[in-house]
Amino acid sequence: MNTIKDWAYRNLKGDPVIWFIVFLLSMLSILVVYSSTGSLAYKRMGGDTEYYLFKHSALVLLSLLAMWIAHKIDYRYYSKLSLVALWLSVPLLLFTWQFGTNINEASRWITIPLINQAFQPSDLAKLALVVTLASMLSRRQKSIADFKKAIIPMLVWIGIICALIAMTNISTAVLLFGTCMLMLFIGRVPMKYLAMLALIGVVAGSAALALGQRAGTALSRIEHFIDSDEVPFQAKQAYIAVATGGLTGKGPGQSDQRNYLPHPYSDFVFAIVLEEYGMFGGLLVLSLYLALLYRGMKAAAQSDRAYGGLLSAGLSFALVMQAMVNMGVAVGLGPITGLPLPLISMGGTSQLFTGLALGIILSVSRGEIDDIGSQVTNSYSKERVKEAA
Amino acid sequence: MSIKKAILLRVRIAFMLVFLFSAGILFRIVTIQYVEGEKWKGYAESMGLQVMKVNATRGNIYADDGSLLATSLPFYRLAFDPYLPADELYNPHIDSLCYLLSSYFDDASPMQYRRKIDRARRGRRRYLILNRQEVGYQDKKRMERWPIFREGRLTGGIIFEKVEKRFLPFSHLGYRTIGTVNSDNRGVVGLEYSFNRQLAGENGEALYQRMAGGGWKPVYDGSEVRPKDGYDIQTTINVNLQDVTESALLKHLQKHRADYGVAVLMEVKTGEIKAISNLSRNSKGEYYERYNYAVGSQGAREPGSTFKLASMIALMEDSNIGLNDTVDTGDGVMKFFNETMRDHKPGGYGVLTVKEVFEKSSNIGTAKLITKHFGDNPSRYTDYLKSIGLDKPLGFQMVGEGLPYIKDPTDSTWSGISLPWISHGYELKMTPLQTLTLYNAVANGGKMIQPLIVKAVKKANKNIERYEPKVLNPKICSKETLRKVRLMLEGVVERGTASNIHNEKYKIAGKTGTAKKVENGRYTNAYYTSFAGYFPADKPQYSCIVVIDEPKGYQIYGSDVAAPVFKEIADKIYALETKLHEELPEQRDQYAGIFPLIRSGKHDELKMIANELGISNHSDTEATWVTTDVVNHSVFWENNEPRTERIPDVRGMTLRDALFVLENMGLKVSVEGRGRVATQSLLPGTRFARGTSIKIDLS
C-alpha cells in the first residue's frame with residue numbers, strides 16, 4: 001500500500017483529489033460500458049462481448065496517459081499550442097463537414113489514415129477554443145471594457161468555431177457556446193457585450209440550421225421536448241431504466257434497458273448508471289462531478305495568474321457542464337442530444353481530449369514549474385508592476 | 001476589487017448555477033422514481049420489445065450471358081385468424097371461401113376446410129395455417145380478393161407470411177450445379193453451397209415492438225443493424241450449351257438405362273465450364289440431378305482407357321519411340337503374374353504399331369509398352385504422371401472436389417501388376433473433371449488450366465472479385481510429344497474405336513474408355529464408359545467428357561455409349577456456333593492485295609486508316625465528312641460536310657457511308673453496282689425537297 005502511495009506521490013503531481021475522482025469515474029466507466037455494450041458486441045462483433053471491454057479499457061488507460069503527460073507540462077505552454085490547434089481545427093472542421101465519415105447520419109468524424117481511427121475534430125476545436133479564450137481573456141484583463149481591442153477577436157473566434165461545429169453537431173456547438181459565454185462572464189466581460197454575444201449566437205445558430213445537416217433532427221428533438229405529451233422512444237426507455245433502478249439499483253451488469261436504449265454506452269449511459277446502481281449511484285456520480293468542478297475552481301483560486309485561473313475554471317466548466325447536460329437529458333431535463341458523458345461514456349478519441357483537459361487542470365493546480373524559462377506576460381504580479389509603471 | 005477577486009467571485013456564481021442544475025437532476029430522478037414510478041414500471045412490462053432478425057436478400061446466380069440461373073423471390077404462406085371475422089361476415093361467406101381454398105390447393109375437399117376452420121373458430125384460435133404450400137405473389141393478390149379475405153387483415157383475418165424462396169428460371173437446367181438452399185436460406189449443395197458466403201449476405205437485426213392486435217412494428221431507434229444483401233455470382237455456364245449437353249446426355253441415358261451420366265463441356269483456352277450435367281436414375285427409372293459426379297468424391301473412379309493418354313505422354317516424354325514402332329499384342333490374352341489381361345477383340349490384334357495400340361485401345365499393347373520401358377524403374381513412370389499434375393486436386397471452385405489417387409512404388413499396395421494395370425487406367429482414381437482437364441491441356445497446346453465455373457462475384461454491375469483462368473501446369477509435355485498424342489487422338493476417331501462418330505465437316509479428337517467396375521474387390525461385368533476429347537481437332541475450341549455408368553443391354557463400350565453423346569453435343573455446338581465454320585475461300589480473296597482508293601468518307605476513320613498504313617495526311621478542317629486531295633506526296637482532307645437542304649456529295653464514298661449521309665438528309669436512295677460511288681443522279685449542292693429520290697452508281 002505504501003509503495004503505491006509513494007509511487008503516486010512521486011509521479012502524480014497536482015491536486016490528488018482530482019486524480020482520485022478521475023480514477024473512480026474511470027473504474028465506474030469500465031464497469032458500466034462493459035455492461036451496456038453487451039448487445040452492441042453481440043450484434044457487431046458476433047458475440048465477442050469482451051471486444052468493447054478491451055477497447056474501452058485501452059482508451060481509458062490511454063486517456064489517463066494523456067492526462068499524465070499533459071499534467072507534466074507547464075500550463076503556460078498551452079497558450080501557444082492552443083492557438084496553433086485552433087487554426088488547425090478550422091480546415092479540419094470544414095473538411096469534416098464536407099467529406100467526413102458518416103456515423104448515425106451526421107458527418108462528425110474524419111478517419112485518420114494509417115491507424116484507421118475515427119476522430120472528431122470538434123473535440124480538438126473545443127479544447128483549443130477554451131484554452132485560447134482563457135489566454136486571450138487574461139491578456140486583456142486591463143482593457144476588458146475595450147470592445148474593439150479586447151472583445152472583437154474573442155467573438156470572432158467563438159463565432160467561427162461554434163458555427164463550424166454547428167454544421168454537423170448542433171448540441172456540441174450550443175454547449176460550447178454556453179461554455180464560452182460563461183468564461184467571458186468569469187473573465188469580467190461587461191454584461192452588455194455578453195448580451196451582444198448571445199445575439200451573435202442566435203444568428204450563427206440559425207445560419208447553421210439553414211446550412212448544416214442537422215437542422216431537422218435538432219428541431220424535431222426540441223419539438224418533442226416542448227410537446228411533452230409525446231415522450232420519444234429513447235426518453236421512455238431511459239425513464240423506465242431510472243424508475244426500475246430504485247434506490248440501490250439492480251446491481252452491476254443487471255440492466256435490462258440496455259437492450260432497448262439506443263447508445264446505452266454513451267448518450268444514455270447515466271440512465272444505465274441509475275438502473276444498475278440506483279439513486280445512490282447516480283448521486284455519487286453527480287457529486288463526483290461537482291467535486292471535480294470544485295477542485296478545478298480551487299486550482300483557479302490558488303493560481304497566481306489570471307491565465308491559470310481562467311484556464312482551470314474554463315476547462316472544468318466545459319467538462320462538468322457537458323456532464324450535467326448529458327445527465328439532464330437522461331432524466332428528461334432537456335431535449336435529446338448526442339453528447340457523451342465525459343469520463344464515463346465510451347467515446348473513442350474524445351476520451352483522449354477529456355484526459356488532455358484534465359491534465360491541463362492538474363497542471364494549473366500544481367503551479368508553475370520552475371525550470372521553464374518562458375516569458376511571463378500575464379501574471380497578476382506583473383500586471384501590478386505595469387500598473388505601477 | 002482586484003481582478004483576481006472579481007474573477008473568483010464570478011467563478012463561484014457560475015458554480016452555484018451548475019450546483020442548482022445538478023439539484024434539478026436529482027429532483028427529476030426522484031420524480032421519475034417516486035411520482036411517475038408506477039407508470040414507467042408498468043410500461044416496461046407491457047412494452048413487448050423484441051430484437052428480431054432482418055433477413056438479407058440472397059444474391060443471384062447468373063449464366064455467362066447474364067441470364068438468371070437462380071434468384072430469390074418472395075413467396076407467401078397463407079394463414080388465417082379464424083376467430084376474428086364477425087358472424088355477419090363469416091357465416092354467409094365461409095362456404096365459398098372453403099370452395100376456393102379447396103380448388104386452389106387441391107388437397108382437401110371444401111367440407112374438410114370448413115370443418116378445420118370451424119373447429120379453430122370454436123376453439124377461439126387466433127392463428128391457423130391454412131396450407132403449408134407457398135403461394136406466389138400473383139396468387140397472393142388473387143387470394144386477397146377472395147370472400148372474407150378481401151376485408152383485410154384487421155377485419156377479414158387473413159395473414160400472409162412472407163418467405164423468400166429460391167427460384168430457378170430454367171428449372172431443372174444445371175440444377176445440381178447451381179445447387180439448393182435449405183429453409184434458413186443457406187446453400188446446402190452446388191454453387192449455392194460453395195459460394196454461400198458471397199451469396200448469403202449478412203442478416204441484420206432490429207428492435208421490434210408488438211402492436212396491439214398482433215404483428216410487430218420496427219422501432220427505428222438507431223441501433224438497428226441493416227442487413228447486407230448478398231453478392232451475385234456470374235458463372236461460366238452457357239444456357240444454350242447447358243441445354244444441348246443435358247438433353248443429349250438424358251437421351252442416351254434413357255436409351256441405355258444407365259445408372260448415372262456425366263457430361264462436362266469446357267472452353268479450351270480459358271478453362272471455363274460452359275455446361276455441366278449430372279443425371280442419376282431414381283427407382284422409378286427417371287433421371288434427375290442428384291449428385292455432382294463430375295466434381296465430387298463419389299465421381300472419383302478408375303477411369304479406364306481414357307487414362308492411356310497419360311501413359312502415352314509419359315512414354316513419349318521418356319523415350320523417342322515413334323508412332324510406327326511396333327509391339328506384339330499376341331492373341332489378346334496375357335498373363336502378368338497371376339492376373340490375366342485381355343484385349344477387347346477376341347483372338348487379339350497381333351502386331352500393332354504404337355499408334356494402332358492407342359487407336360484400337362489395346363490394353364496389352366499399352367501395358368507391354370509401359371512395362372518394357374519403365375519396368376525396371378516404375379517410379380519414373382509415376383513421376384511423369386505427377387509432374388503433369390495428375391495426382392493433385394484441381395483446386396476447383398466448388399467445395400468437395402474428389403481427390404485423385406495415383407500411387408507410386410512406395411505405396412504399400414504397390415504390386416507387380418500395378419504398373420501394367422495403372423498404364424491402362426486401373427488401380428487409380430480420377431474424377432471426370434480431372435480427366436477432362438488433362439484432355440483440355442492437350443487441346444490447349446500443353447497448357448493445363450484450372451477449370452473455372454464462377455467468373456466474378458458482383459454487386460449490381462460492379463465486380464467485387466474476379467476469378468481469372470489459372471495455369472496449373474504451363475507445359476505438360478514437349479511439343480513433339482504433344483504433336484504425337486494429338487495425332488493419335490485424332491486417329492481414334494478417324495479409324496480407331498470411335499470411328500462411329502467420325503464426320504466430314506469437322507474433326508473430333510478423343511479417346512474412349514470402358515472400365516470394369518469393382519465390387520467387393522473383384523472386377524465385375526458392369527462397366528464405366530467414357531469418352532473424353534476435344535473439337536474441332538485442328539483448332540480446338542471446346543473439350544468435353546462424357547461418362548455413362550453401368551449401361552444396360554448389349555452396348556457396353558465407351559465407343560457405343562459415351563462417344564455418341566459427345567458427338568451429339570459437338571454437332572449441335574458446331575451448328576450453333578458459326579465461328580467454328582470454315583469460311584468459304586473465294587469471298588475472302590476477291591479484294592485481297594488491292595489497296596483501297598481513298599476518295600471520300602468519314603474524317604476520323606480515313607485518318608485512322610491512313611495513319612495505320614503510314615500515309616502522310618493533313619487537314620485544316622474539323623468536318624466529319626471529307627474528300628481527298630493530293631498535296632505533294634501526302635493526302636489532304638477537304639471539307640465535304642453536307643449542307644442543309646442541299647444535295648451532298650457522296651462520290652468516292654463507300655456504299656455504307658453514302659447511304660448513311662443520303663438517308664440522313666431525307667433522300668430516297670436507289671443503288672446500282674458495287675464498289676464505291678462513281679456517280680450520283682442529282683448534282684451536289686442543289687436544293688431538294690425531302691423524300692426526293694436519288695440514284696447512285698457504284699463501281
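Just so we're on the same page: letters track the sequence lines, and every chain starts at 1.
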- What residue in B/Thr31, B/Val11, B/Leu17, B/Leu8 has the most heavy-atom pairs under 4.5 Å with chain A? B/Val11
- chain B heavy atoms under 4.5 Å from A/Leu283: which part of the residue, side chain, backbone, both or neither? side chain
- Task: Go through the atoms of A/Ile186 and report whether side chain, backbone, both or neither lie under 4.5 Å from a heavy atom of chain B.
- Result: both
- Closest non-hydrogen atom pair, B/Arg10 against A/Val189: NH1-O, 3.9 Å
- Item | Closest non-hydrogen atom pair, A/Leu247 against B/Gln33 | N-OE1, 4.2 Å
- Message: Is any side-chain heavy atom of B/Val18 closer than 4.5 Å to one of A/Tyr289?
- Response: no
- For A/Ala243 and B/Gly37, work out which heavy atoms get closest and say how close. CB-O, 4.1 Å
- Measure B/Ile25 against the heavy atoms of chain A and call it side chain, backbone, both or neither at under 4.5 Å. both
- In short, B/Phe21 meets A/Val325 closest at the heavy-atom pair CE2-N, 4.2 Å
- Atom group of A/Val320 that falls short of 4.5 Å from chain B, counting heavy atoms: side chain
- Shortest non-hydrogen separation from A/Phe317 to B/Ala14 and the atoms involved: CZ-CB, 3.4 Å
- Residue B/Phe27 versus chain A: region with a heavy atom under 4.5 Å: neither
- Message: Quick check on A/Ala301 against chain B: is it the side chain, the backbone, both or neither that has a heavy atom closer than 4.5 Å?
- Response: both
- Message: For chain A, which candidate among B/Phe15, B/Phe19, B/Tyr34 shows the most heavy-atom pairs at distances under 4.5 Å?
- Response: B/Phe15
